[in-house]
Enquirer: 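Please see the structure below; I have some questions.
Chain identifiers are assigned alphabetically (A, B, ...) following the order of the sequence lines, protein sequences preceding nucleic acid strands; residue numbering begins at 1 within each chain. Values reported hereafter were calculated over all heavy atoms of this structure, with side chains retained and with hydrogens, waters and symmetry mates removed.
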Amino acid sequence: MTWKVMIDGYSKSGYLRNADNLRDILTLYNEMRCSDVCPSQNILSLILQCCASFCVTPLGKTLHCQIFKSNFNYDVVLQTGLLDFYAKVGDLSSAKRVFDEMSHRDVVANNAMISALSKHGFVKDAQNLFDSMQDKNSVTWNSMITCYYKIGDIDSARLIFDCNPIKDVVSWNAMIDAYCKVGNLSCAEELFDRVGEVKNSITWNTMIAGFVQCKEFRRALRSFEHMQTERVKPTEVTMVSLLSACAHLGALDMGEWIHGYINKNKLRIDAVLGNALIDMYSKCGSIAAALDVFHKLHVKNIYCWNSVIVGLAMHGYGNEAIDYFLSMEKEGINPDGVTFVGLLCACCHSGLISAGRNYFSQMQSVYGVEPGIEHFGCMVDLLGRSGLLVEALELITIMPLKPNAVVWGSLLRSCHLHKDPELGEQVTQRLLELDPKDGGNYVFLSNLYASLSRWKDVDRCRKLMIESGVQKVPGCSSIELDNAVHEFVAGDSSHPQFPQINVFLVDIAKKLKDQGYEPDTGSVLHDIYDEEKETSVSYHSERIAVAFGLMSTPPGKQIRVIKNLRTCNDCHTAIKFISKIYKRDIIMRDRNRFHHFRNGLCSCKDYW
DNA sequence: TTAGGGTTAG
């Protein structure tokens, strides 16, 4: 068998898409070189692609030298391969040099350069290059070329044609992606509308992924509907973006529908799609379905393991997260920084203090993973929540990284939890220096004072907040019913069914009182009269969403609510009561974790 | 030879 047949075989089978097989192809290439066999141009291009995909910089550079020194036809194909290699390993100036040195640049070379510029954040330059290319039906270009032809100047006609290749669908897709990646959705959409009949599934995938990257999850789902209307066949990549949108929205019904679509249409569930499914199920409250997908996967990589560990952590299954971590080790997969975020988070949410300390201390020494600010953040949270406020503060003081607002914010919450206003004030001061516009910091300090009935301080905090011009992010909860996501903002009555919800909320309040529930008004920002405080708390968004869920679904049906902020103590207590009174399982995802309410209890064991 | 997808601390 010739080298070419072997390497081509690898290439066509998709074998090279897997990083684990990279060593095989490189070994093969080395053997070929040692056998004094001169690689063909096709093989060189292929090896360059490998070097680009897996960032094997030294070999790529060696290839460049070899190409230069030997008698290769240093043509547009090899040059484009080199350009792409340099761009993908992060060396834009070398990529530019290769591009500038090209005597002839075709559409592929231009596209590769658009992509290179975009990857390095030079969208304006990418747009200029894109604009310099001809439009397929451009009257100006066509008439110029025709003119030269008519006067018999074929060389000039050819020159214009060659120097300004016609944009193809790849050019459009690369440019749309460039705008999406910098968050400029309006320019991306404008281009998307102009693509015309060449638009393909990748164009749709790029736009849908762009919506997801810009956190426009509903627009991503709507775009998918349009894609279906236009009868463009979705691919695995479409599904990954849609599942990510569902995960963020907590749209389990839609996520399940997508899973069904994947199975029905026999789409290939690889590690990326598998991971998207695991993440969707986990973030939509169904950890059992997430584990089911995980165990059925044929190929699992570190993303899949991390998603499962993080998922278990969010659902409060600390010991199970540790078990999966141990299994991962047994399978020979090395943990990375994300694994340790999951693991430490699991210890934190389950109160596993000594396990958390052990894993944190072993990160570097045993696993060779350097702790980042996020790992110190987890530890400050773990210690703080356990009431070890002094130790948490000490860790912040001695840590080798500059503490950020997240780290201080975590300690402030612990000060609130363990009612330490003195330390809370100090911490807030640090927080306001770091992030003076974050209203959440004032709210936490204010709530800390309120929980101690220090109303003057609450008032001072409120005034400070007004003077600084900061605003609290409004609490927002959503619930999915019949494939539609309903959103409720605290105190907002704009939902068309609000009158009925309101009646139901009054009914809930009465039943709660009958069952002995006492409102905890410490979670209200202002010092107002008790009765008013109680009303204000009962209009928190999660309470409205739960009420809407109760009145709109049949008895016994599980209710799932997603909240953008952490749930307050009072709503947490009230929902525990509600789960018992109405005999419903209520699953709530707040900004921090999942709460599974059942029969008056919560899976977080009131520790969150 | 060029374009699209995944996990992460408050």
Enquirer: Could one point to a donor on the side chain of A/R591 or the base of B/dG10 with an acceptor on the other under 3.5 Å away?
Expert: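 Between B/dG10 and A/R591, which were checked side chain against base, a qualifying N/O pair under 3.5 Å is present.
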Enquirer: Just how far, in rounded Å, is C1' of B/dT7 from CD1 of A/I333?
Expert: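 About 13 Å, once rounded to whole Å.
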Enquirer: When you get a sec, tell me which of B/dG10, B/dT8, B/dA9 is the closest nucleotide to the side chain of A/R385?
Expert: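 Among the listed nucleotides, the one closest to the side chain of A/R385 is B/dG10.
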Enquirer: Is there a side-chain contact between A/K199 and the phosphate of B/dA3, meaning an N or O under 4.0 Å from OP1 or OP2?
Expert: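 Looking at the OP1 and OP2 atoms of B/dA3, neither is under 4.0 Å from any side-chain N or O of A/K199.
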Enquirer: Count the heavy atoms of every other residue, nucleotide or ligand shown that sit under 6.0 Å from CD of A/E433, and state whether that count exceeds 12.
Expert: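 Correct, the count exceeds 12.
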Enquirer: What's the closest nucleotide to the side chain of A/K88 if the choices are B/dT2, B/dG10, B/dG5?
Expert: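 Given the options B/dT2, B/dG10, B/dG5, the side chain of A/K88 is closest to B/dT2.
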Enquirer: Strictly by modelled atom types, are A/S244 and A/S241 linked by a side-chain donor-acceptor pair under 3.5 Å?
Expert: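 Side chains of A/S244 and A/S241: no pair found under 3.5 Å.
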Enquirer: May I ask you to say what A/E236 touches in the nucleic acid, namely base, sugar-phosphate or nothing, with a heavy-atom cut-off under 4.0 Å?
Expert: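 Contact class for A/E236: base.
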Enquirer: How many Å lie between CE on A/M328 and C1' on B/dT7, as a whole number?
Expert: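 It is 11 Å, rounded to the nearest whole Å.
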Enquirer: Among B/dT7, B/dA9, B/dA3, which nucleotide has an atom closest to any side-chain atom of A/C345?
Expert: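 Among the listed nucleotides, the one closest to the side chain of A/C345 is B/dA9.
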Enquirer: Applying a 4.0 Å non-hydrogen cut-off, can you work out what A/G377 is touching in the nucleic acid: base, sugar-phosphate, or nothing?
Expert: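 If one applies the 4.0 Å heavy-atom cut-off, A/G377 turns out to touch a base.
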Enquirer: For A/T206, report the nucleic acid contact type (base, sugar-phosphate, nothing); a contact means any heavy atom under 4.0 Å.
Expert: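 The answer is sugar-phosphate, as A/T206 gets under 4.0 Å only of primed atoms, P, OP1 or OP2.
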Enquirer: Within less than 4.0 Å of OP1 or OP2 of B/dG6, is there a side-chain N or O belonging to A/S244?
Expert: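 Negative; the distance criterion is not met.
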Enquirer: Send over the distance from A/F325 CZ to B/dT7 P, rounded to a whole Å.
Expert: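 In whole Å, B/dT7 P and A/F325 CZ are 21 Å from each other.
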Enquirer: Return the nearest nucleotide to the side chain of A/Y303; candidates are B/dG10, B/dT1, B/dG6.
Expert: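 The nucleotide sitting nearest to the side chain is B/dG6.
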Enquirer: Are any of A/K167's side-chain N or O atoms less than 4.0 Å away from OP1 or OP2 of B/dA3?
Expert: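 It does not, given that no N or O in the side chain of A/K167 lies less than 4.0 Å from OP1 or OP2 of B/dA3.
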Enquirer: Could you work out which one of B/dG10, B/dT7, B/dT2 sits closest to the side chain of A/D168?
Expert: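 Nearest listed nucleotide: B/dT2.
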Enquirer: Classify A/V308 by what it touches in the nucleic acid, base, sugar-phosphate, or nothing, heavy-atom distance under 4.0 Å.
Expert: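 No contact.
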Enquirer: Just the rounded figure in Å: distance from P of B/dG5 to CD1 of A/I176.
Expert: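 It works out to 13 Å between those atoms.
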Enquirer: Does A/A116 reach a base, just sugar-phosphate, or nothing at all? Heavy atoms under 4.0 Å.
Expert: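 Counting heavy atoms under 4.0 Å across all strands, no contact is made by A/A116.
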Enquirer: Any idea which of B/dG5, B/dT7, B/dG10 is nearest the A/D270 side chain?
Expert: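 Closest nucleotide to the A/D270 side chain: B/dG5.
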Enquirer: Measuring from A/I278:CD1 to A/C304:SG, what's the distance to the nearest 0.5 Å?
Expert: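 Spacing of CD1 (A/I278) from SG (A/C304) equals 4.5 Å.
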Enquirer: With rounding to the nearest 0.5 Å, note down the distance linking CD in A/E189 to CZ in A/F211.
Expert: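 Reported to 0.5 Å precision, the distance equals 4.0 Å.
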Enquirer: Could you tell me whether A/H298 atom NE2 has more than 12 heavy atoms of other residues or ligands within 6.0 Å of it?
Expert: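 Incorrect, the count does not exceed 12.
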Enquirer: Where the side chain of A/H416 meets the backbone of A/L412, is there a donor-acceptor pair that is under 3.5 Å apart?
Expert: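 Answer holds: no.
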Enquirer: Specify the separation, in whole Å, of atom CG of A/D279 and atom P of B/dT8.
Expert: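 Answer to the nearest Å: 6 Å.
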Enquirer: Could you check which of B/dG5, B/dG10, B/dT2 has an atom nearest any side-chain atom of A/H349?
Expert: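 Of the candidates, B/dG10 comes closest.
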Enquirer: Distance check needed: B/dA3 P versus A/L191 CG, whole Å only.
Expert: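 Distance check: A/L191 CG to B/dA3 P gives 17 Å.
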Enquirer: The side chain of A/I373 lies closest to which of these nucleotides: B/dT1, B/dG10, B/dA9?
Expert: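 The closest nucleotide is B/dA9.
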Enquirer: Could you tell me whether A/A276 contacts a base, only the sugar-phosphate backbone, or nothing, with contacts defined as non-hydrogen atoms closer than 4.0 Å?
Expert: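 No contact.
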Enquirer: Does A/N200 get its side chain close enough to the base of B/dA3, under 3.5 Å, for a donor-acceptor pair?
Expert: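 Yes.
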Enquirer: Less than 4.0 Å between a side-chain N and a carboxylate O, is that true for A/D100 and A/K96?
Expert: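 A/D100 and A/K96: not salt-bridged.
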Enquirer: The side chain of A/N275 lies closest to which of these nucleotides: B/dT7, B/dT2, B/dA9?
Expert: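 Side chain of A/N275 sits closest to B/dT7.
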Enquirer: Using whole Å, report how far CG of A/N301 lies from C1' of B/dG6.
Expert: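 One finds 8 Å between C1' of B/dG6 and CG of A/N301, rounded.
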Enquirer: With distance as the sole criterion, do the side chain of A/N306 and the base of B/dG6 form a donor-acceptor contact below 3.5 Å?
Expert: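 It does not, because no donor-acceptor pair links the side chain of A/N306 to the base of B/dG6 below 3.5 Å.
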Enquirer: With a cut-off of less than 4.0 Å, is there a side-chain N or O of A/K300 near OP1 or OP2 of B/dG6?
Expert: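 Checking B/dG6 against A/K300, no side-chain N or O comes under 4.0 Å of OP1 or OP2.
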Enquirer: Which of the following nucleotides, B/dA3, B/dT1, B/dG6, is nearest to the side chain of A/K119?
Expert: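 The answer is B/dA3, which lies nearest to the side chain.
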Enquirer: Is any side-chain N or O of A/N404 under 3.5 Å from a base N or O of B/dA9, one able to act as donor and the other as acceptor?
Expert: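 Looking at the base of B/dA9, it does pair with a donor or acceptor on the side chain of A/N404 (distance under 3.5 Å).
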Enquirer: Base, sugar-phosphate, or nothing: which does A/T238 touch, judged by heavy atoms less than 4.0 Å apart?
Expert: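 Nothing: the residue A/T238, judged by heavy atoms under 4.0 Å, touches no strand.
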Enquirer: For the pair made of CG in A/L344 and P in B/dA9, what is the distance, rounded to whole Å?
Expert: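 Answer to the nearest Å: 12 Å.
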